[in-house]
Chemist: 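Supplied in structure tokens, the structure appears directly below.
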Amino acid sequence: MSKDQDTSKLWGGRFTEATDSFVQRFTASVNFDQRMAQEDIEGSLAHAAMLCQVGVLSSEELAQIESGLGQIREEIANGSFEWSVELEDVHMNIESRLTQLIGVTGKKLHTGRSRNDQVATDIRLHLRKAIDHIAAELSRLQLGTIGLAEQHADTVMPGFTHLQTAQPVAFGHHLLAWNEMLERDHGRLLDCRKRLNQSPLGAAALAGTTYPIQRELTAASLGFDKPTENSLDSVSDRDFAIEFCGFAALLLTHLSRMSEELVLWTSAQFNFIELPDRFCTGSSIMPQKKNPDVPELVRGKTGRVNGHLISLLTLMKSQPLAYNKDNQEDKEPLFDTIDTVVDCLRAFADMVPAIRAREDHMREAARRGFSTATDLADYLVRKGLPFRDAHEVVGKAVAHGVASGLDLAEMSLETLQGFSADIGEDVFEVLTLEGSLAARDHLGGTAPAQVRAAAERARALVEARA
């Protein structure tokens, strides 16, 4: 091989011609995997310390490597590190710079490992940090949601099925339904972290190494629960990335549902809530507009995250063991999912506690649409009428209300008794909105006392994780 064919690749000994310049750019990953540089250095430090402990490196060589990696870490942090596409990826860029700084000792760092187990370790470390940050943001959103629910345990709004007025509920009760979704999301995130937290370092290319490494040492040093069990699976497993993206897709689905309600509630047709100006924008042509851009954008980003999940599932579906170059395509969808989730959670955690409820509009909407009709049917059942007969009686009363423009609570006792002689003066206690809420005084019900108790339990659960 001539000198001008030599590409100075760290793996170039087997090759007799230079890599095509387009192929070099096409196969390089450094433009996106450099974000794992700190994790790559952490893994290298742990690996070097283990090699020294088992006698592969001397203490002097370890000190040189630690010093060189420390300088590289500073260069990356201050922006002076020069990244090279020719060196392909974050691993080779760092290793090449280390060799420049400390000489031949830098070439010994890769003893007993491969880029296959190295990148698998880096991704897990990077995603673990992201999960911990996301868990904290998710808890912050939950506390903001619970706090708003506590403020509105007595605020009446219509509950909906089919987006039609169904029964009165407390606004706080509705918000706690959001929190239930988020609590399940938090549990899924922690489950993902548990399965992720095993170290593939030491699996090498696919079959382990002949050096006397101690994988338990590097696993413990890097905060993993244990080393992975099988070298083939260690380097080719991306279940943890898929599982994280599955969590993210469901979380964004929940945020999208919340966003849809926020968009509806801020409309002039509902007018249930007001979002602070800092979370909205105006129109370039219509001066009256106040657009709920933050929830709309979160709703839109759900499709993006769902797409990343499908991308990773498709990426892995046909891969034979062990590592394949296909896996280079795992990082961009994973990284974008992380960034999108972090941004959406931050936006919601800042916005939700600042929501201002228009209590009078909520109450008026609950008063319309015969939302206490079910309460009247239950009242008649308690008087001894079979439920199906009670259902028919109330249906006729509602039909009269539609024709006359009167809600059930606005009808006279004489009118109501025309539909059933079982109706007495006490009926108006169940036809009021407050009476309807208070009647459902059971675990998970809408009674203000139950809403406050549920909020207290939810808050305790989240705060116990802090």
Side-chain angles (χ1 to χ4, degrees), residues 124-153 170-197 223-225 240-241 243-262 273 275-276 278-279 294-295 297-299 301-302 305 308-309 334-357 444 450-466:
R124 287 173 186 254
L125 290 172
H126 187 80
L127 182 54
R128 189 176 68 188
K129 290 178 185 177
I131 285 174
D132 290 344
H133 178 60
I134 289 168
E137 282 294 279
L138 186 49
S139 292
R140 188 165 74 90
L141 171 55
Q142 287 186 261
L143 289 175
T145 304
I146 294 165
L148 190 63
E150 290 169 334
Q151 297 173 35
H152 292 285
F171 182 40
H173 189 67
H174 193 116
L175 292 168
L176 289 177
W178 288 3
N179 182 66
E180 289 298 306
M181 300 180 198
L182 298 174
E183 182 62 28
R184 292 192 295 272
D185 291 328
H186 191 277
R188 274 183 284 270
L189 182 62
L190 294 190
D191 285 345
C192 174
R193 191 191 192 282
K194 180 179 179 181
R195 278 181 284 278
L196 168 152
N197 205 37
F224 288 112
D225 294 330
F240 58 90
E243 187 171 358
F244 173 80
C245 288
F247 147 80
L250 196 44
L251 169 66
L252 264 291
T253 296
H254 291 153
L255 295 184
S256 182
R257 294 181 68 186
M258 299 175 202
S259 294
E260 177 75 3
E261 293 186 322
L262 292 175
I273 64 167
L275 297 177
R278 62 186 180 275
F279 298 103
V294 167
L297 191 55
V298 170
R299 186 176 61 187
K301 286 181 181 293
T302 303
V305 170
H308 291 327
L309 172 60
L334 175 61
F335 293 161
D336 189 70
T337 298
I338 291 170
D339 294 342
T340 302
V341 168
V342 168
D343 287 348
C344 290
L345 281 175
R346 177 180 176 181
F348 258 63
D350 289 344
M351 178 181 64
V352 168
I355 290 172
R356 292 188 290 272
Q450 291 291 343
V451 174
R452 292 189 183 90
E456 184 178 353
R457 290 191 299 271
R459 178 179 290 279
L461 189 62
V462 177
E463 290 179 342
R465 299 196 294 255

Chemist: Please tabulate, for side-chain N and O atoms in residues 141-152, each donor-acceptor pair with protein atoms closer than 3.5 Å (sequence neighbours left out).
Modeler:
| residue | atom | partner | partner atom | Å |
| --- | --- | --- | --- | --- |
| Gln142 | OE1 | Arg465 | NH2 | 2.8 |
| Gln142 | NE2 | Asn179 | OD1 | 3.0 |
| Gln142 | NE2 | Glu183 | OE1 | 2.8 |
| Thr145 | OG1 | Leu141 | O | 2.9 |
| Glu150 | OE1 | Arg459 | NH2 | 3.0 |
| Glu150 | OE2 | Arg459 | NE | 3.1 |
| His152 | ND1 | Thr155 | OG1 | 2.8 |

Chemist: Which heavy atom of Arg140 sits nearest to which heavy atom of Arg346, and what is that distance?
Modeler: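 Minimum heavy-atom contact is NH2-O, 3.8 Å.
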Chemist: What are the two closest heavy atoms between Lys194 and Asp225, and how far apart are they?
Modeler: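 Closest pair (atom of Lys194, atom of Asp225, distance): O-OD2, 4.3 Å.
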Chemist: Restricting to salt bridge (charged side-chain N to carboxylate O under 4.0 Å, His left out), what partner residues turn up for Arg184, sequence neighbours left out?
Modeler: none
Chemist: Is the shortest heavy-atom distance from the side chain of Ile355 to the side chain of Leu262 under 4.5 Å?
Modeler: yes
Chemist: Are any of the side-chain heavy atoms of Pro295 and Phe279 separated by less than 4.5 Å?
Modeler: no
Chemist: May I ask you to check whether Arg124 and Asn197 show a side-chain donor-acceptor distance below 3.5 Å?
Modeler: no
Chemist: Would you mind checking if Asp132 and Arg193 are paired as a salt bridge, meaning a charged N to carboxylate O distance below 4.0 Å?
Modeler: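 Salt bridge: yes.
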Chemist: Of all heavy-atom pairs between Val451 and Ala170, which one has the smallest distance, and what is that distance?
Modeler: CG2-CB, 4.2 Å
Chemist: Listed by chain and number, what are the side chain to side chain donor-acceptor pair (under 3.5 Å) partners of Asp191, not counting sequence neighbours?
Modeler: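 Listed in chain order: nothing, the list is empty.
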Chemist: Kindly indicate whether the side chain of Arg299, heavy atoms from C-beta on, has any atom under 4.5 Å from the side chain of Met258.
Modeler: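 They are not in contact (no side-chain heavy atoms under 4.5 Å apart), so the answer is no.
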Chemist: Less than 4.5 Å apart, side chain to side chain, heavy atoms only: is that true for Phe335 and Thr340?
Modeler: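 Phe335 vs Thr340: side chains apart.
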Chemist: Return yes if a side-chain donor-acceptor contact under 3.5 Å exists between His173 and Gln450, otherwise no.
Modeler: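 No pair is found: no donor N or O on one side chain lies under 3.5 Å from an acceptor on the other.
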